[in-house]
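Reviewing the structure listed below.
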Amino acid sequence: MKKPIVKIALAASLTFSAFGTQAALAKPAETVKNQPYKVFDQKIVNQINVDNIYNNIDYLAKVPRVAGTEAEHDAVQFIKNTFKSYGYDAEVQEFTFTGYTPPSTTSLSVEGFTENLNPSSFTYTVSGDVTGEIALAGLGKKEELAGVDLTGKIALIKRGEISFGEKVLNAAAAGAAGVIIYNNADGALNGTLGGANDKYVPAVALTKAEGEALAAYAQSQPVNASLKVEGAKIEERKSHNVIATKKPTNKKKATNDVIVVGSHHDSVELAPGANDDASGTAMTLELARVLKDVPTDTEIRFITFGAEELGLIGSTYYVDNLPQSDLNRIIANFNLDMVGSKDAGDLVMNTIDGQPNLVTELAQASSQRLNGVPTPYAEGGRSDHVPFGEAGIPAALFIHEPTEPWYHTPEDTIDKISKEKLQDVAEIVGTAVYDRARFDHMGPKPKKVKKAKNKELYYNENVK
Ligand code: BES
Ligand code: ZN
(Lines give C-alpha, C1' and ligand atoms only; values in the text may rest on other atoms or scores of the structure.)
(Ligands and ions follow the chains in the order given, each with its own letter.)
Protein backbone atom coordinates (compact mmCIF):
# COMPACT_ATOMS: atom_id res chain seq x y z
CA MET A 1 0.00 0.00 0.00
CA LYS A 2 2.74 2.42 -0.89
CA LYS A 3 1.58 5.87 -1.76
CA PRO A 4 3.97 7.31 -4.31
CA ILE A 5 4.06 11.03 -3.85
CA VAL A 6 6.16 11.55 -6.91
CA LYS A 7 4.21 13.10 -9.73
CA ILE A 8 6.20 13.25 -12.91
CA ALA A 9 5.10 15.49 -15.77
CA LEU A 10 5.35 18.85 -14.10
CA ALA A 11 8.48 20.24 -15.60
CA ALA A 12 8.66 21.33 -19.18
CA SER A 13 12.19 20.03 -19.22
CA LEU A 14 10.85 16.54 -18.65
CA THR A 15 10.43 16.20 -22.38
CA PHE A 16 14.18 15.71 -22.45
CA SER A 17 13.93 12.57 -20.37
CA ALA A 18 12.47 10.81 -23.40
CA PHE A 19 15.99 10.65 -24.73
CA GLY A 20 16.87 8.34 -21.85
CA THR A 21 20.23 7.47 -20.41
CA GLN A 22 22.06 7.29 -23.67
CA ALA A 23 21.30 10.88 -24.56
CA ALA A 24 22.11 11.93 -21.02
CA LEU A 25 25.55 10.39 -21.23
CA ALA A 26 26.42 11.69 -24.71
CA LYS A 27 28.65 14.78 -24.65
CA PRO A 28 27.28 17.87 -26.41
CA ALA A 29 28.80 19.92 -29.14
CA GLU A 30 30.74 22.68 -27.47
CA THR A 31 29.13 26.09 -27.38
CA VAL A 32 30.86 29.42 -26.97
CA LYS A 33 28.64 30.16 -24.00
CA ASN A 34 30.03 27.10 -22.21
CA GLN A 35 33.65 28.16 -22.60
CA PRO A 36 34.14 30.08 -19.34
CA TYR A 37 32.60 27.17 -17.48
CA LYS A 38 34.73 24.50 -18.99
CA VAL A 39 37.70 25.21 -16.76
CA PHE A 40 35.57 25.37 -13.62
CA ASP A 41 33.67 22.17 -14.40
CA GLN A 42 36.79 20.27 -15.38
CA LYS A 43 38.47 21.26 -12.15
CA ILE A 44 35.84 19.20 -10.32
CA VAL A 45 35.22 16.47 -12.87
CA ASN A 46 38.93 15.64 -13.13
CA GLN A 47 39.18 15.16 -9.39
CA ILE A 48 36.21 12.81 -8.94
CA ASN A 49 37.44 9.28 -8.40
CA VAL A 50 34.48 6.97 -8.87
CA ASP A 51 36.43 4.06 -7.37
CA ASN A 52 36.50 5.90 -4.05
CA ILE A 53 32.72 6.11 -4.14
CA TYR A 54 32.35 2.49 -5.20
CA ASN A 55 34.79 1.18 -2.59
CA ASN A 56 33.15 3.14 0.20
CA ILE A 57 29.74 1.78 -0.81
CA ASP A 58 31.27 -1.68 -0.74
CA TYR A 59 32.62 -1.07 2.76
CA LEU A 60 29.42 0.45 4.14
CA ALA A 61 27.05 -2.07 2.56
CA LYS A 62 28.54 -5.19 4.13
CA VAL A 63 25.70 -5.17 6.66
CA PRO A 64 22.39 -3.37 7.29
CA ARG A 65 22.84 -0.09 9.22
CA VAL A 66 19.59 0.25 11.13
CA ALA A 67 19.46 3.45 13.19
CA GLY A 68 20.38 2.89 16.82
CA THR A 69 22.28 -0.36 16.20
CA GLU A 70 25.98 -1.04 16.52
CA ALA A 71 26.26 -1.33 12.74
CA GLU A 72 24.98 2.22 12.31
CA HIS A 73 27.43 3.36 14.96
CA ASP A 74 30.27 1.67 13.07
CA ALA A 75 29.18 3.44 9.88
CA VAL A 76 29.18 6.76 11.76
CA GLN A 77 32.76 6.15 12.94
CA PHE A 78 33.83 5.24 9.42
CA ILE A 79 32.23 8.37 7.94
CA LYS A 80 33.75 10.58 10.65
CA ASN A 81 37.20 9.07 10.15
CA THR A 82 36.97 9.39 6.37
CA PHE A 83 36.04 13.09 6.66
CA LYS A 84 38.98 13.50 9.06
CA SER A 85 41.36 11.77 6.66
CA TYR A 86 40.41 14.45 4.11
CA GLY A 87 41.37 17.17 6.58
CA TYR A 88 37.94 18.04 8.02
CA ASP A 89 36.99 18.46 11.67
CA ALA A 90 34.02 16.12 11.56
CA GLU A 91 31.32 16.69 14.16
CA VAL A 92 28.99 13.95 15.34
CA GLN A 93 25.56 15.22 16.39
CA GLU A 94 23.69 12.84 18.66
CA PHE A 95 19.91 12.64 18.95
CA THR A 96 17.45 10.24 20.53
CA PHE A 97 14.35 8.66 19.08
CA THR A 98 11.72 6.20 20.25
CA GLY A 99 12.72 2.72 19.17
CA TYR A 100 10.30 -0.16 18.97
CA THR A 101 10.90 -3.90 19.31
CA PRO A 102 7.98 -5.90 17.90
CA PRO A 103 6.37 -8.57 20.08
CA SER A 104 7.72 -12.11 20.07
CA THR A 105 4.18 -13.51 20.38
CA THR A 106 0.66 -12.28 19.76
CA SER A 107 -2.26 -14.54 20.52
CA LEU A 108 -6.01 -14.36 20.77
CA SER A 109 -8.35 -17.04 22.06
CA VAL A 110 -12.10 -16.71 22.18
CA GLU A 111 -14.27 -18.88 24.39
CA GLY A 112 -16.36 -21.34 22.37
CA PHE A 113 -15.16 -19.95 19.00
CA THR A 114 -13.80 -22.81 16.96
CA GLU A 115 -12.45 -21.02 13.88
CA ASN A 116 -8.73 -20.47 13.73
CA LEU A 117 -7.51 -16.94 14.49
CA ASN A 118 -4.07 -15.69 13.40
CA PRO A 119 -3.69 -12.25 14.92
CA SER A 120 -0.88 -9.99 13.78
CA SER A 121 0.36 -7.03 15.77
CA PHE A 122 0.53 -3.30 15.18
CA THR A 123 3.83 -1.48 15.29
CA TYR A 124 3.94 0.47 18.58
CA THR A 125 1.37 -1.70 20.35
CA VAL A 126 2.17 -2.21 24.01
CA SER A 127 2.53 -5.67 25.55
CA GLY A 128 -0.17 -7.06 27.83
CA ASP A 129 -2.20 -10.09 28.82
CA VAL A 130 -5.88 -9.22 29.13
CA THR A 131 -9.11 -11.16 29.40
CA GLY A 132 -12.55 -9.63 28.97
CA GLU A 133 -15.83 -9.65 27.16
CA ILE A 134 -15.77 -8.77 23.48
CA ALA A 135 -17.59 -5.51 22.76
CA LEU A 136 -18.49 -4.52 19.20
CA ALA A 137 -17.25 -0.97 18.80
CA GLY A 138 -17.97 -0.16 15.12
CA LEU A 139 -15.20 1.93 13.58
CA GLY A 140 -14.02 3.03 17.02
CA LYS A 141 -14.77 6.71 16.35
CA LYS A 142 -15.15 9.10 19.28
CA GLU A 143 -18.84 9.76 18.47
CA GLU A 144 -19.60 6.05 18.41
CA LEU A 145 -17.97 5.45 21.78
CA ALA A 146 -19.42 8.49 23.56
CA GLY A 147 -21.30 7.23 26.58
CA VAL A 148 -20.31 3.61 25.91
CA ASP A 149 -18.63 1.90 28.84
CA LEU A 150 -15.97 -0.52 27.67
CA THR A 151 -14.40 -0.98 31.09
CA GLY A 152 -12.46 -4.23 31.20
CA LYS A 153 -13.69 -5.24 27.74
CA ILE A 154 -11.93 -6.10 24.50
CA ALA A 155 -13.16 -3.76 21.78
CA LEU A 156 -13.69 -5.29 18.35
CA ILE A 157 -13.26 -2.53 15.76
CA LYS A 158 -13.39 -2.43 11.97
CA ARG A 159 -10.69 -0.77 9.88
CA GLY A 160 -11.61 2.51 8.18
CA GLU A 161 -12.06 6.29 8.33
CA ILE A 162 -9.70 7.05 11.23
CA SER A 163 -6.18 5.82 11.97
CA PHE A 164 -5.44 2.62 13.90
CA GLY A 165 -3.77 4.72 16.60
CA GLU A 166 -6.91 6.83 17.08
CA LYS A 167 -9.10 3.73 17.32
CA VAL A 168 -6.92 2.29 20.08
CA LEU A 169 -6.86 5.60 21.98
CA ASN A 170 -10.63 6.06 21.69
CA ALA A 171 -11.31 2.53 22.93
CA ALA A 172 -8.80 2.92 25.77
CA ALA A 173 -10.42 6.22 26.78
CA ALA A 174 -13.77 4.38 27.01
CA GLY A 175 -12.13 1.89 29.37
CA ALA A 176 -11.22 -1.00 27.02
CA ALA A 177 -8.51 -3.36 28.26
CA GLY A 178 -7.55 -4.50 24.77
CA VAL A 179 -8.38 -3.85 21.11
CA ILE A 180 -8.89 -6.04 18.05
CA ILE A 181 -9.00 -4.27 14.69
CA TYR A 182 -10.09 -6.24 11.64
CA ASN A 183 -9.44 -5.48 8.01
CA ASN A 184 -12.07 -4.02 5.65
CA ALA A 185 -10.51 -5.61 2.57
CA ASP A 186 -9.02 -8.97 1.74
CA GLY A 187 -5.49 -9.76 2.83
CA ALA A 188 -3.42 -9.47 5.97
CA LEU A 189 -3.45 -6.29 8.02
CA ASN A 190 0.07 -5.16 8.93
CA GLY A 191 -0.42 -1.74 10.39
CA THR A 192 1.24 0.76 12.63
CA LEU A 193 -0.23 2.86 15.43
CA GLY A 194 1.97 5.63 14.07
CA GLY A 195 4.06 6.26 17.17
CA ALA A 196 4.48 5.33 20.81
CA ASN A 197 1.84 6.41 23.32
CA ASP A 198 1.55 5.37 26.95
CA LYS A 199 -2.26 5.56 26.74
CA TYR A 200 -2.37 2.56 24.39
CA VAL A 201 -3.78 -0.83 25.43
CA PRO A 202 -2.62 -4.05 23.69
CA ALA A 203 -3.91 -4.20 20.13
CA VAL A 204 -3.94 -6.99 17.52
CA ALA A 205 -5.14 -7.24 13.93
CA LEU A 206 -7.34 -9.80 12.19
CA THR A 207 -8.27 -10.36 8.55
CA LYS A 208 -11.65 -9.26 7.28
CA ALA A 209 -12.97 -12.86 7.25
CA GLU A 210 -11.77 -13.56 10.79
CA GLY A 211 -13.10 -10.25 12.10
CA GLU A 212 -16.53 -10.60 10.48
CA ALA A 213 -16.93 -14.17 11.76
CA LEU A 214 -15.95 -13.08 15.25
CA ALA A 215 -18.28 -10.07 15.16
CA ALA A 216 -21.20 -12.29 14.11
CA TYR A 217 -20.40 -14.72 16.93
CA ALA A 218 -20.02 -12.04 19.60
CA GLN A 219 -23.20 -10.30 18.51
CA SER A 220 -25.42 -13.26 19.35
CA GLN A 221 -24.14 -13.86 22.91
CA PRO A 222 -21.69 -12.50 25.50
CA VAL A 223 -18.26 -13.91 24.68
CA ASN A 224 -15.04 -13.82 26.65
CA ALA A 225 -11.68 -13.53 24.94
CA SER A 226 -8.11 -13.36 26.02
CA LEU A 227 -5.57 -11.33 24.17
CA LYS A 228 -1.84 -11.58 24.69
CA VAL A 229 0.99 -9.44 23.31
CA GLU A 230 4.40 -10.42 24.63
CA GLY A 231 7.84 -8.92 24.25
CA ALA A 232 6.92 -5.61 22.61
CA LYS A 233 9.27 -2.91 23.83
CA ILE A 234 9.48 0.82 23.45
CA GLU A 235 12.80 2.41 24.38
CA GLU A 236 14.87 5.50 23.76
CA ARG A 237 17.61 4.90 21.22
CA LYS A 238 20.45 7.03 19.94
CA SER A 239 21.41 7.87 16.39
CA HIS A 240 23.82 10.42 14.91
CA ASN A 241 24.34 12.91 12.11
CA VAL A 242 27.91 13.39 10.86
CA ILE A 243 28.83 16.92 9.77
CA ALA A 244 31.96 18.15 8.00
CA THR A 245 32.19 21.86 7.27
CA LYS A 246 34.25 23.60 4.61
CA LYS A 247 34.56 27.26 5.56
CA PRO A 248 35.01 29.92 2.88
CA THR A 249 38.64 30.10 1.78
CA ASN A 250 39.11 33.81 2.43
CA LYS A 251 37.17 35.33 5.34
CA LYS A 252 37.30 38.84 3.86
CA LYS A 253 35.76 37.82 0.57
CA ALA A 254 33.29 35.34 2.00
CA THR A 255 29.54 35.32 1.47
CA ASN A 256 27.32 34.51 4.42
CA ASP A 257 25.72 31.62 2.49
CA VAL A 258 25.79 27.92 3.29
CA ILE A 259 25.23 24.98 0.92
CA VAL A 260 24.32 21.61 2.46
CA VAL A 261 25.25 18.45 0.56
CA GLY A 262 23.61 15.53 2.34
CA SER A 263 22.57 11.89 2.34
CA HIS A 264 21.50 9.29 4.91
CA HIS A 265 23.78 6.58 6.19
CA ASP A 266 21.17 4.34 7.85
CA SER A 267 19.33 1.51 6.11
CA VAL A 268 16.18 -0.50 6.80
CA GLU A 269 16.28 -3.84 8.57
CA LEU A 270 17.75 -6.76 6.57
CA ALA A 271 18.80 -4.46 3.70
CA PRO A 272 22.52 -3.73 3.24
CA GLY A 273 21.41 -0.53 1.52
CA ALA A 274 24.16 -0.32 -1.08
CA ASN A 275 22.06 2.03 -3.15
CA ASP A 276 19.78 3.23 -0.31
CA ASP A 277 21.79 5.00 0.78
CA ALA A 278 25.44 3.96 0.98
CA SER A 279 25.59 5.40 -2.57
CA GLY A 280 24.62 8.90 -1.43
CA THR A 281 26.81 8.62 1.67
CA ALA A 282 29.89 7.60 -0.33
CA MET A 283 29.19 10.37 -2.85
CA THR A 284 28.91 12.94 -0.06
CA LEU A 285 32.34 11.77 1.16
CA GLU A 286 33.87 11.98 -2.31
CA LEU A 287 32.47 15.46 -2.99
CA ALA A 288 33.87 16.54 0.37
CA ARG A 289 37.28 15.21 -0.68
CA VAL A 290 37.13 16.83 -4.13
CA LEU A 291 36.03 20.23 -2.84
CA LYS A 292 38.30 20.28 0.22
CA ASP A 293 41.05 22.51 -1.15
CA VAL A 294 39.21 24.24 -3.96
CA PRO A 295 38.92 28.00 -3.28
CA THR A 296 35.31 28.94 -2.44
CA ASP A 297 33.57 31.96 -0.93
CA THR A 298 30.56 30.03 0.36
CA GLU A 299 30.44 27.59 3.27
CA ILE A 300 29.68 23.98 2.33
CA ARG A 301 28.42 21.48 4.89
CA PHE A 302 28.65 17.79 4.07
CA ILE A 303 26.23 15.87 6.26
CA THR A 304 25.20 12.24 6.54
CA PHE A 305 21.99 11.86 8.49
CA GLY A 306 20.91 9.04 10.80
CA ALA A 307 17.43 7.52 11.20
CA GLU A 308 16.12 8.71 7.83
CA GLU A 309 14.39 5.38 7.33
CA LEU A 310 12.48 5.78 10.59
CA GLY A 311 10.87 9.05 9.52
CA LEU A 312 13.55 11.56 8.43
CA ILE A 313 14.48 11.84 12.11
CA GLY A 314 18.13 12.94 11.80
CA SER A 315 17.55 15.62 9.16
CA THR A 316 14.48 16.91 11.00
CA TYR A 317 16.51 17.09 14.20
CA TYR A 318 19.29 18.95 12.38
CA VAL A 319 16.94 21.52 10.82
CA ASP A 320 14.85 21.95 14.00
CA ASN A 321 17.93 22.57 16.13
CA LEU A 322 19.65 25.12 13.94
CA PRO A 323 19.50 28.65 15.31
CA GLN A 324 17.29 30.80 13.07
CA SER A 325 20.33 32.87 12.09
CA ASP A 326 22.05 29.74 10.79
CA LEU A 327 18.91 28.47 9.06
CA ASN A 328 18.62 31.77 7.21
CA ARG A 329 22.11 31.27 5.80
CA ILE A 330 21.36 27.95 4.08
CA ILE A 331 20.68 28.68 0.42
CA ALA A 332 20.58 25.12 -0.92
CA ASN A 333 20.28 21.45 0.08
CA PHE A 334 21.46 18.81 -2.38
CA ASN A 335 20.10 15.48 -1.09
CA LEU A 336 21.76 12.38 -2.54
CA ASP A 337 19.60 9.31 -1.93
CA MET A 338 19.76 6.26 -4.23
CA VAL A 339 22.20 7.58 -6.80
CA GLY A 340 23.91 4.49 -8.20
CA SER A 341 21.63 1.58 -9.11
CA LYS A 342 22.22 -0.24 -12.40
CA ASP A 343 18.61 -1.31 -12.37
CA ALA A 344 16.92 2.02 -11.78
CA GLY A 345 15.82 4.57 -14.38
CA ASP A 346 17.21 8.01 -15.15
CA LEU A 347 18.28 10.78 -12.82
CA VAL A 348 15.53 13.08 -11.60
CA MET A 349 15.44 15.86 -9.01
CA ASN A 350 12.48 15.86 -6.66
CA THR A 351 11.39 19.00 -4.87
CA ILE A 352 8.66 19.04 -2.24
CA ASP A 353 6.40 21.30 -4.29
CA GLY A 354 7.39 20.18 -7.79
CA GLN A 355 8.70 23.66 -8.50
CA PRO A 356 12.21 24.56 -9.63
CA ASN A 357 14.52 26.19 -7.10
CA LEU A 358 18.17 27.19 -6.79
CA VAL A 359 19.25 23.54 -6.50
CA THR A 360 17.38 22.38 -9.61
CA GLU A 361 18.53 25.46 -11.55
CA LEU A 362 22.18 24.92 -10.67
CA ALA A 363 21.97 21.21 -11.51
CA GLN A 364 19.99 21.74 -14.71
CA ALA A 365 22.67 24.16 -15.82
CA SER A 366 25.52 21.80 -14.91
CA SER A 367 23.88 18.73 -16.47
CA GLN A 368 23.20 20.75 -19.62
CA ARG A 369 26.85 21.80 -19.78
CA LEU A 370 28.19 18.32 -19.04
CA ASN A 371 25.71 16.10 -20.86
CA GLY A 372 23.79 18.39 -23.18
CA VAL A 373 20.55 17.52 -21.39
CA PRO A 374 19.18 19.19 -18.26
CA THR A 375 18.25 16.74 -15.50
CA PRO A 376 14.43 16.87 -15.16
CA TYR A 377 12.66 17.71 -11.94
CA ALA A 378 9.38 16.52 -10.47
CA GLU A 379 7.48 16.58 -7.19
CA GLY A 380 8.52 14.16 -4.49
CA GLY A 381 9.23 13.83 -0.79
CA ARG A 382 10.21 10.70 1.17
CA SER A 383 13.76 11.75 2.02
CA ASP A 384 15.95 14.24 3.89
CA HIS A 385 15.30 17.22 1.59
CA VAL A 386 11.78 17.42 3.08
CA PRO A 387 12.64 19.14 6.40
CA PHE A 388 14.90 21.57 4.50
CA GLY A 389 12.18 22.30 1.93
CA GLU A 390 9.60 22.76 4.65
CA ALA A 391 11.87 25.26 6.38
CA GLY A 392 11.76 27.30 3.15
CA ILE A 393 15.20 26.24 1.92
CA PRO A 394 15.66 25.41 -1.80
CA ALA A 395 16.16 21.63 -1.65
CA ALA A 396 16.06 18.69 -4.03
CA LEU A 397 16.45 14.91 -3.90
CA PHE A 398 18.72 13.38 -6.54
CA ILE A 399 17.46 9.88 -7.35
CA HIS A 400 17.13 7.51 -10.31
CA GLU A 401 13.53 6.65 -11.13
CA PRO A 402 11.78 4.33 -11.50
CA THR A 403 13.65 2.83 -8.57
CA GLU A 404 15.21 -0.64 -8.70
CA PRO A 405 13.35 -3.79 -7.61
CA TRP A 406 15.91 -4.28 -4.80
CA TYR A 407 14.74 -1.18 -2.94
CA HIS A 408 14.51 -2.02 0.80
CA THR A 409 15.41 -5.68 0.24
CA PRO A 410 18.41 -7.87 1.18
CA GLU A 411 19.32 -7.68 -2.54
CA ASP A 412 20.31 -4.01 -2.35
CA THR A 413 23.99 -4.97 -2.65
CA ILE A 414 27.20 -3.68 -4.24
CA ASP A 415 26.89 -5.85 -7.36
CA LYS A 416 23.85 -3.76 -8.39
CA ILE A 417 25.84 -0.51 -8.35
CA SER A 418 26.80 1.23 -11.59
CA LYS A 419 29.99 3.27 -11.67
CA GLU A 420 28.65 5.19 -14.71
CA LYS A 421 25.60 6.32 -12.77
CA LEU A 422 27.73 7.31 -9.76
CA GLN A 423 30.11 9.25 -11.98
CA ASP A 424 27.26 11.07 -13.73
CA VAL A 425 25.53 12.21 -10.52
CA ALA A 426 28.81 13.14 -8.79
CA GLU A 427 29.76 15.31 -11.77
CA ILE A 428 26.39 17.03 -12.00
CA VAL A 429 26.17 17.75 -8.27
CA GLY A 430 29.86 18.52 -7.77
CA THR A 431 29.94 21.08 -10.58
CA ALA A 432 26.58 22.56 -9.55
CA VAL A 433 27.81 23.10 -5.98
CA TYR A 434 31.11 24.52 -7.19
CA ASP A 435 29.34 26.81 -9.65
CA ARG A 436 27.63 28.48 -6.72
CA ALA A 437 30.38 28.25 -4.11
CA ARG A 438 33.41 29.45 -6.08
CA PHE A 439 34.58 33.05 -6.09
CA ASP A 440 32.72 35.21 -8.64
CA HIS A 441 30.22 32.45 -9.23
CA MET A 442 28.00 32.69 -12.27
CA GLY A 443 25.13 30.48 -11.18
CA PRO A 444 21.60 31.76 -10.46
CA LYS A 445 20.96 33.88 -7.38
CA PRO A 446 18.89 32.31 -4.62
CA LYS A 447 15.33 33.57 -4.61
CA LYS A 448 13.27 34.24 -1.53
CA VAL A 449 11.07 31.22 -1.11
CA LYS A 450 7.80 30.75 0.64
CA LYS A 451 7.56 28.32 3.48
CA ALA A 452 5.90 25.08 2.44
CA LYS A 453 3.89 22.88 4.77
CA ASN A 454 2.69 19.56 3.52
CA LYS A 455 2.82 16.72 5.98
CA GLU A 456 1.82 14.28 3.22
CA LEU A 457 5.43 14.44 2.11
CA TYR A 458 6.32 12.34 5.10
CA TYR A 459 5.50 8.97 3.69
CA ASN A 460 3.18 7.19 6.07
CA GLU A 461 2.49 3.60 5.43
CA ASN A 462 -0.39 1.60 6.89
CA VAL A 463 -1.53 3.99 9.56
CA LYS A 464 -5.18 3.88 8.54
N1 BES B 1 15.45 6.48 -0.45
C2 BES B 1 14.11 6.35 0.04
C3 BES B 1 13.17 7.35 -0.57
C4 BES B 1 12.60 7.07 -1.91
C5 BES B 1 12.40 5.79 -2.39
C6 BES B 1 12.21 8.17 -2.67
C7 BES B 1 11.85 5.61 -3.65
C8 BES B 1 11.65 7.99 -3.91
C9 BES B 1 11.47 6.70 -4.40
C10 BES B 1 14.11 6.59 1.54
O11 BES B 1 15.22 6.09 2.17
C12 BES B 1 12.88 5.92 2.13
O13 BES B 1 12.73 4.73 2.04
N14 BES B 1 12.00 6.72 2.69
C15 BES B 1 10.80 6.25 3.30
C16 BES B 1 10.10 7.43 3.93
C17 BES B 1 10.61 7.88 5.26
C18 BES B 1 9.84 9.11 5.69
C19 BES B 1 10.53 6.79 6.31
C20 BES B 1 9.83 5.66 2.28
O21 BES B 1 9.69 6.21 1.19
O22 BES B 1 9.21 4.64 2.62
ZN1 ZN C 1 16.94 6.32 1.21
Side-chain angles (χ1 to χ4, degrees), residues 1-8 57 60-61 64-68 72 75 97-100 123-124 190-192 194-195 239 241 262-284 303-319 333-341 343-352 354 375-390 395-413 416-417 421 425 454-463:
M1 296 247 292
K2 295 240 160 185
K3 189 160 62 160
I5 290 155
V6 179
K7 273 182 240 134
I8 305 232
I57 297 172
L60 286 163
R65 301 171 301 284
V66 177
E72 188 215 9
F97 63 95
T98 309
Y100 182 71
T123 306
Y124 295 115
N190 288 309
T192 171
S239 179
N241 299 325
S263 53
H264 70 91
H265 57 247
D266 66 314
S267 75
V268 295
E269 216 134 349
L270 305 178
N275 197 42
D276 185 13
D277 181 28
S279 67
T281 300
M283 197 174 290
T284 303
I303 313 182
T304 73
F305 297 106
E308 186 269 356
E309 299 287 5
L310 301 176
L312 319 180
I313 299 174
S315 52
T316 303
Y317 181 87
Y318 178 78
V319 170
N333 167 232
F334 292 78
N335 176 25
L336 309 172
D337 191 0
M338 304 174 72
V339 286
S341 176
D343 308 301
D346 288 343
L347 184 63
V348 58
M349 297 180 282
N350 290 338
T351 64
I352 65 167
T375 302
Y377 58 87
E379 181 182 346
R382 303 176 59 178
S383 187
D384 291 322
H385 59 301
V386 173
F388 286 91
E390 290 196 333
L397 163 66
F398 291 75
I399 189 167
H400 295 109
E401 286 186 320
T403 52
E404 62 279 12
W406 328 119
Y407 167 62
H408 283 185
T409 74
E411 273 68 60
D412 182 6
T413 44
K416 320 291 195 316
I417 296 294
K421 281 222 172 82
V425 182
N454 181 3
K455 283 295 168 200
E456 278 290 298
L457 288 158
Y458 292 87
Y459 178 70
N460 264 328
E461 194 183 8
N462 293 342
V463 292

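Treat the numbers as computed from the prediction; the structure is a model and nothing was measured. Indexing begins at 1, ligand by ligand and atom by atom, following the structure's order.
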> Considering all heavy atoms of both residues, which atom of Pro387 and which atom of Ser315 are nearest to each other, and what is their separation?
Replying inline: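 Scanning both residues, the minimum pair turns out to be CG-OG, 3.3 Å.
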
> Counting each atom of ligand 1 from 1 as listed, which ones have a heavy atom of Asp276 under 4.0 Å away?
Replying inline: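 Result: 1 (N), 2 (C), 11 (O).
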
When only distance counts, is [X] in polar contact with ligand 1, meaning an N/O pair under 3.5 Å?
X: Ser383; result: no
X: Asp337; result: yes
X: Thr403; result: no

> Is the Tyr124 ring parallel, tilted or perpendicular to the Tyr100 ring (thresholds 30°, 60°)?
Replying inline: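 Tilted.
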
> Is Ser341 reaching over with its side chain to a backbone N or O of Asp343, donor-acceptor style, under 3.5 angstrom?
Replying inline: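 Yes: the side chain of Ser341 pairs with the backbone of Asp343.
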
>> Is Asp337 close enough to the Zn ion (ligand 2) that one of its N, O or S atoms comes in under 2.8 Å?
In response: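 Of the N, O and S atoms in Asp337, at least one lies under 2.8 Å from the Zn ion (ligand 2), which means yes.
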
> Taking 2.8 Å as the cut-off, does an N/O/S atom of Glu309 lie below it from the Zn ion (ligand 2)?
Replying inline: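 It does not; every qualifying atom lies at 2.8 Å or beyond.
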
> Does Glu309 approach ligand 1 within less than 4.0 angstrom via side chain, backbone, both or neither, non-hydrogen atoms only?
Replying inline: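 It is both backbone and side chain that touch ligand 1.
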
>> Applying a heavy-atom cut-off of 4.0 Å, say which part of Ile399 lies close to ligand 1: side chain, backbone, both or neither.
In response: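 Side chain only.
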
> Can you name the ring pair (Phe, Tyr, Trp, His ring centres under 6.0 Å) partners of Phe97, sequence neighbours left out?
Replying inline: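 Not a single residue meets the ring pair (Phe, Tyr, Trp, His ring centres under 6.0 Å) criterion with Phe97.
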
> For atom 15 (C) of ligand 1, which of His264, His400, Arg382 has the closest heavy atom?
Replying inline: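 Nearest option to atom 15 (C) of ligand 1, by heavy atoms: Arg382.
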
